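Notes for the one structure printed next.
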Amino acid sequence: MLDRKFIVENAELVKENCRNRGVKVDVDRFIELENQRKSTQTELDEWNRRANEVSKSIGKAKDTAEREARKEEGRQLREKAAAAEAEMNSILDELAAIHKSIPNLSHPDAPIGADDKANLERFRGKTPVPTLDFQPLDHVQLGEKLDLMDFEAGARVAGHGFYFLKNEAVLLELALQQYAVQFLLGQGFVPITTPDLARNDVLEGTGYIPRGPETQIYSIEGTDLSLVATAEIPLGGLMAGQTVEADVLPLKYCGISHCFRTEAGAHGRATRGLYRVHQFTKVEMFAFTLPEQSEAMLDHLRDMECRLFDGLGIPYRVVDTATGDLGGPAYRKYDLEAWMPGRGEYGEVTSTSNCTDYQARRLNARYRVKGEKGTRFLHTLNGTAIAISRALIAVLENHQQSDGSVAVPDALRPWVGKEKIEPKSAA
RNA sequence: GGAGAGGUGGCUGAGUGGUCGAAAGCGCGGGUUUGCUAAACCCGUGACCUCGUAAGGGGUCCGCAGGUUCGAAUCCUGUCCUCUCCGCCA
């Protein structure tokens with residue numbers, strides 16, 4: 001959420017930003033309601049003040065008659081206060097509904113555009129896109145040849161979008177986690193595993209919508225819990241309602257969690273194989289910072305992602321996400337898109353966002369500076385270190401050899417325990 | 001799942017109908033003293049909303065939501081959470 005006062009004082013800026021983001025919001029109505037809120041608040045305060053005054057005077061009443069008269073007066077004042085409060089509540093409800101739909105501001109350098117077609121390539125990774133002298137297979141074909149995954153069994157057990165990983169794919173999953181965590185550990189991140197479920201108010205605080213027809217979220221029937229779509233959710237929730245001392249910032253976490261997504265409405269495109277699945281494992285970076293630290297932290301997180309994928313020998317490009325494609329909470333976002341030879345195109349493998357104080361305000365995550373009065377909102381940032389399913393695609397497809405085997409990237413060999421993945425028993 | 005106990009300010013923890021935004025201690029900030037450090041002593045110290053240039057005023061908040069009452073941290077109902085014991089279990 002944006003600061004209410006800020007919205008009122010910068011109405012034109014907020015409106016323009018909503019247009020750039022392709023979000024329809026009635027900012028004028030918000031301002032009207034905000035003014036109503038203030039005047040109703042003043043009215044309510046006044047009734048309460050007079051009622052409190054009367055209550056205090058009752059103890060000092062001279063006789064029963066006066067006491068009863070004052071009680072009656074108090075009753076009436078409380079009734080007026082209750083009426084003002086009811087009005088207040090309906091104003092607050094409408095206000096909150098609009099407030100929630102106003103997206104974060106956008107970084108001035110973020111490309112302006114309606115959707116991902118307007119995303120701007122900033123630079124490419126160290127590994128060049130290879131020119132292959134053979135027809136590359138996609139990861140599904142490779143997986144079949146090398147006996148690495150079973151989509152049919154996944155569908156049998158849990159439906160389309162679920163899968164079993166087998167053999168070296170399992171070793172690769174574990175290796176990728178080790179690789180990412182060990183690297184980030186060396187960069188000062190605190191490793192952490194998270195709950196795979198979270199309360200719905202934590203989901204909402206991080207900007208996810210747990211219910212409704214377009215929800216990406218699986219919810220647990222009969223409870224207030226949902227399966228998390230990313231470790232960003234529990235990691236954001238880590239600080240919900242907390243106030244930290246400024247001198248402990250920035251806090252950098254690398255969280256491992258499972259991610260569950262319904263992918264509602266996403267069928268038909270890129271649903272083959274591991275690209276768009278209902279469950280995957282992810283190593284996620286998350287940072288809480290001071291406001292003046294967040295821009296540098298975003299660059300840092302992006303740099304971590306680049307180094308991880310450079311280290312795997314995977315070609316990628318970095319795109320600066322266009323305003324219309326930022327989603328609600330992000331102020332600026334970079335995606336890494338890895339080259340996927342099987343598709344013959346780039347596909348998103350990581351994403352890092354600076355959410356400034358937008359999530360923190362909803363989560364009520366604050367910091368305090370010693371010697372200063374009051375508290376302020378933290379800035380939150382998140383970034384994918386490795387999303388296993390998509391990283392697997394990139395590793396398998398980019399390191400495939402003409403003989404159908406897959407070379408294990410040097411960086412993963414210590415954990416995979418071999419240099420090459422070859423077809424099982426002569427088939 | 002069964003039985004209890006409890007949720008109060010940055011922390012510990014008093015407070016069972018009005019004078020309680022809330023004792024006390026710790027912590028924190030400022031000051032006195034001081035060769036330095038420490039100690040001692042004194043003063044101050046919650047958040048949010050709102051009016052005001054300011055000084056300052058008003059309102060709300062004792063897990064959350066309702067209820068009783070002129071008046072609720074305190075009584076009632078619901079709910080969430082935490083802890084202890086038992087059972088079950090990786």
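These numbers were taken from a predicted model, which means no experiment stands behind them. Order of the sequence lines fixes the chain letters, A, B, ..., with proteins taken first and strands second; residue numbering starts at 1 for each chain.
In terms of position on RNA chain B, the residue among A:R366 and A:L44 whose nearest nucleotide sits closer to the 5' end is A:R366.
Using a 4.5 Å heavy-atom cutoff, the side chains of A:W47 and A:E79 are not in contact. At a threshold of 4.5 Å between non-hydrogen side-chain atoms, the residues A:F6 and A:L105 count as touching. Inter-residue side-chain proximity for A:L396 and A:L148 is flagged as met; some heavy-atom pair is nearer than 4.5 Å.
No engagement by A:R50 is indicated, since no non-hydrogen atom pair under 4.0 Å with the nucleic acid exists.
Taking atom C1' in both B:C76 and B:U68, the straight-line distance is 7 Å, to the nearest Å. Annotation: B:U8 and B:A73 have their P atoms spaced 15 Å apart (nearest Å). For the C1' atoms, the distance from B:G17 to B:G67 is 15 Å, rounded to whole Å. Using P as the reference atom, B:C70 and B:C81 are 35 Å apart when rounded to the nearest Å. Between B:C62 and B:G10, the distance separating the two C1' atoms is 16 Å to the nearest Å. B:C43 and B:U50 have their P atoms separated by 35 Å, with the value rounded to a whole Å. For the C1' atoms, the distance from B:C64 to B:G58 is 26 Å, rounded to whole Å. As rounded to the nearest Å, B:A5 and B:C28 have C1' atoms that lie 33 Å from one another.
Taking CD of A:E9 as the start and CD of A:E12 as the end, the distance is 14.0 Å to the nearest 0.5 Å.
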Could you give the side-chain donor-acceptor pairs of residues 90-99 of chain A under 3.5 Å, partners two or more places apart or in another chain?
unit_1	atom_1	unit_2	atom_2	d
A:S90	OG	A:E87	O	3.2
A:E94	OE1	A:R29	NH2	2.8
A:E94	OE2	A:R29	NE	2.7
A:E94	OE2	A:R29	NH2	3.2
A:H99	NE2	A:L2	O	2.5

Side-chain donor/acceptor pairs under 3.5 Å, residues 324-331 of chain A, sequence neighbours excluded:
none

Anything under 3.5 Å between a donor and an acceptor, one on a side chain of residues 181-199 of chain A, the other on a protein residue two or more places apart or in another chain? List them.
unit_1	atom_1	unit_2	atom_2	d
A:Q182	NE2	A:Q178	OE1	3.0
A:D196	OD1	A:H258	N	3.0
A:D196	OD2	A:H258	ND1	2.8

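Taking the six-membered ring where the residue is Trp, A:H278 and A:F162 present tilted rings, their angle falling between 30° and 60°.
Every residue was checked against the side-chain hydrogen bond (donor to acceptor under 3.5 Å, both in side chains) condition with A:T40, not counting sequence neighbours, and none meets it. Under the rule for a salt bridge (Lys or Arg N to Asp or Glu O under 4.0 Å), the partners of A:D147 that lie at least two apart in sequence or sit in another chain are A:K166. Taking A:K282 as the reference, A:T230, A:E284 meet the side-chain hydrogen bond (donor to acceptor under 3.5 Å, both in side chains) condition, with sequence neighbours excluded. With sequence neighbours left out, A:K71 forms a salt bridge (Lys or Arg N to Asp or Glu O under 4.0 Å) with A:E68. By the ring-ring contact (aromatic ring centres under 6.0 Å, His included) test, A:F288 pairs with A:F286, sequence neighbours left out.
Base pairing analysis places B:A39 opposite nothing; no Watson-Crick or G-U wobble pair with both distances below 3.5 Å involves it. Both distances falling under 3.5 Å, in either a Watson-Crick or a G-U wobble arrangement, occur for no nucleotide opposite B:C62. Partner assigned to B:G44 is B:C28, using Watson-Crick or G-U wobble distances below 3.5 angstrom. With both pairing distances under 3.5 Å, B:A54 is matched to nothing as a Watson-Crick or G-U wobble pair. The nucleotide B:U68 finds no pairing partner, because no Watson-Crick or G-U wobble arrangement with both distances shorter than 3.5 Å includes it. Both distances falling under 3.5 Å, in either a Watson-Crick or a G-U wobble arrangement, place B:G1 opposite B:C86. Under the Watson-Crick or G-U wobble criterion, with both distances below 3.5 Å, B:U16 has no partner in any strand shown.
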What pairs of nitrogen or oxygen atoms, one from the protein and one from nucleotides 52-58 of chain B, lie under 3.5 Å apart?
unit_1	atom_1	unit_2	atom_2	d
B:G58	N2	A:D45	OD2	2.9

I'd like a list of close polar pairs between nucleotides 7-10 of chain B and the protein, N/O only, cut-off under 3.5 Å.
none

What are the atom names and distances for every N/O pair under 3.5 Å that joins the protein to nucleotides 16-22 of chain B?
unit_1	atom_1	unit_2	atom_2	d
B:G18	N2	A:S55	O	3.0

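Residues A:K333 and A:S353 share a closest heavy-atom pair of CD-OG, 3.2 Å.
No side-chain donor-acceptor contact under 3.5 Å links A:E348 to the backbone of A:E337.
Across residues 72-89 of chain A, A:G74, A:R75, A:R78 each have a non-hydrogen atom less than 4.0 Å from an atom of RNA chain B (numbered order).
Remark: C1' of B:C28 and CG of A:D247 are 12 Å apart, rounded to the nearest angstrom. Note: CZ (A:R361) to P (B:C49) measures 11 Å, nearest angstrom. Between the C1' atom of B:C64 and the CG atom of A:N364 lies a distance of 15 Å, rounded to the nearest Å. Between A:Q36 atom CD and B:U50 atom C1' the separation is 17 Å, expressed in whole Å.
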